[in-house]
Amino acid sequence: MTKIFLDKLVKRFGKVIAVNRITLNITDGEFFILLGPSGCGKTTTLRLVAGLEYPDEGRIYFDGQDVTDLPPKDRDVAMVFQNYALYPHMSVFDNIAFPLKIRKVPKQEIRKKVKEVAELLQISELLDRKPRQLSGGQQQRVALARAIVREPRVFLLDEPLSNLDAKLRVYMRAELKALQKRLGVTTIYVTHDQVEAMTMADRIAVINQGVVQQIGTPSEIYHKPANTFVAGFIGSPPMNFIKCSLVTEGERAFLDAGEFKYELDKEWGDILRDKGTEFILGVRPEHIKVYLKEKPGTIPAEVYVVEPLGGETILNLMIGSYLIKVRYTGELNVSPKQKVYLEFMKEHLHIFEAKSTLRAI
Ligand SMILES: Nc1ncnc2c1ncn2[C@@H]1O[C@H](COP(=O)(O)OP(=O)(O)OP(=O)(O)O)[C@@H](O)[C@H]1O
Ligand SMILES: [Mg+2]
């Protein structure tokens, strides 16, 4: 069991700042996910924790002990790399046993441990095969078995499910999460897949261009995104953003998007008045109600494209020149150019400051 503290880590490669003052506090036994787009510094962060890179600035602590200057072998972490590499000439058994062999663990004990971990990952029948005789998902589990077998303090997993087909990935997500909880080993898991992050993590750090944008539980990140980057990165289809100006008419306050005005209640109007005049209204596709007949307070829109998905329908609608996506549960019989009327669910609205992109409410 290990707590990990990354204190203002910086890593540069020439002019590129791959990791820019990343600070993370990861608790004992936590399943912690680093989420962000390609090139944002996820792998570099993992390599710093593993000791495969040395930071330009900042320190790394395990359980309060500064490990920044420790070589990888003394940190007791197991890393599964983005392109997991098995030794092609070795059997599955020998691949899994390898970390124990180099530690000179007695043969008897190696047998026992490999058997145990193989059962855990349901690869017991594959121990005599060579990696090339395995499917991608089986190879993946062998790579994980090799990481798990020596019971490290920390698991570092870099996109370990990226090479699997969609079905196996969904299955392995649940398996891995259950396994991590059973073993209780502190885990840092890297992915650029927001669904994977939302379904597996205890907490997520969303990273962009080497900078942490927000740290929180999946629910916090979904319901209270700290800025427009996080808001747009989480959720599918992504959140709709509409540029607005704050206008007041006497006591009343509105967000004016040009094509429509959204009336704010007094409390929100007062908060926004103190923050400026230009805002971005954010509303997720699943938080917009669609009506076929006009109702008071609804916003008129025109159907552009309908994408039926069986259980639900994605509607692409135009409010003037704005394209808005709506996720409708069930099937909706509408056709292009038809008029519909929208209601934004107030309790699910997000308002960001236009200039800073930070959450205003
Ligand atoms: N050894 C290196 N030399 C030079 N630049 C590097 C090196 N390693 C990483 N970088 C750069 O640092 C940045 C972060 O890279 P990193 O591999 O950490 O991204 P990532 O978030 O893991 O991306 P991906 O999702 O594509 O794996 C990128 O701009 C990358 O090009
Ligand atoms: Mg990477």
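Nothing fancy with the numbering, it's 1 onward along the sequence. All values below come from the heavy atoms of this structure, side chains included, with hydrogens, waters and symmetry mates left out. In each ligand, atom 1 is the first atom listed, and ligand 1 is the first ligand listed.
Residue M318 shares its hydrophobic cluster (ILVMFWY side chains chained together at separations under 4.5 Å) with Y304, V305, L323.
Put simply, the side chain of I96 reaches to within 4.5 Å of the side chain of V92, judged on heavy atoms. Using a 4.5 Å heavy-atom threshold, the side chains of E259 and I299 count as separate.
Within a 6.0 Å radius of CD in E331, no more than 12 heavy atoms belonging to other residues, nucleotides or ligands are found. Remark: Q108 CD is loosely packed, at most 12 non-hydrogen atoms of other residues, nucleotides or ligands lying under 6.0 Å away.
Scanning the protein heavy atoms around atom 26 (O) of ligand 1, the nearest turns out to be S38 OG, 2.5 Å. Nearest protein neighbour of atom 9 (C) of ligand 1, counting heavy atoms only, is F13 CE1, 3.5 Å. Summary of contacts: the protein heavy atom closest to atom 27 (O) of ligand 1 is Q82 NE2, 2.9 Å. Counting only heavy atoms of the protein, atom 18 (O) of ligand 1 lies nearest to T44 OG1, 2.5 Å. The shortest contact between atom 25 (O) of ligand 1 and any protein heavy atom is with K42 NZ, 2.8 Å. Closest to atom 28 (C) of ligand 1, if we only count protein heavy atoms, is G39 O, 3.7 Å.
Distances from the Mg ion (ligand 2) under 2.8 Å pick out these protein N/O/S atoms: T43 OG1, Q82 OE1.
In this structure, R284 forms a cation-pi arrangement with Y222, its terminal cationic atom sitting closer than 6.0 Å to the ring centre and no more than 45° off the ring axis. For the pair K101 and F98, the cation-pi criterion (under 6.0 Å, within 45° of the ring axis) is not fulfilled. With F13 as the aromatic partner, K11 meets the cation-pi criteria of under 6.0 angstrom to the ring centre and within 45 degrees of the ring axis. In this structure, R111 forms a cation-pi arrangement with F93, its terminal cationic atom sitting closer than 6.0 Å to the ring centre and no more than 45° off the ring axis.
Every atom of ligand 1 with a heavy atom of T43 under 4.0 Å away is listed here by number and element: 17 (O), 18 (O), 20 (P), 22 (O), 27 (O). Each of the following atoms of ligand 1 lies closer than 4.0 Å to a heavy atom of A18: 12 (O), 13 (C), 14 (C).
Protein heavy atoms are absent from the 4.0 Å sphere centred on atom 31 (O) of ligand 1. Using a 4.0 Å threshold on non-hydrogen atoms, atom 13 (C) of ligand 1 counts as touching the protein.
Taking CG from L272 and CD from E267, the interatomic distance works out to 10.5 Å, rounded to the nearest 0.5 Å.
No option in R75, R153, K3 other than R153 meets the salt bridge (charged side-chain N to carboxylate O under 4.0 Å, His left out) test with D63.
Distances from ligand 1 to the non-hydrogen atoms of E159 include at least one value under 4.0 Å. Remark: distances from the non-hydrogen atoms of G36 to ligand 1 are all 4.0 Å or more.
Of the polar atoms of V16, none of the N or O atoms is found under 3.5 Å from an N or O of ligand 1, judged by distance alone.
In this structure, Y61 and F5 have parallel ring planes: the angle between them is below the 30° cut-off, well short of the 60° mark.
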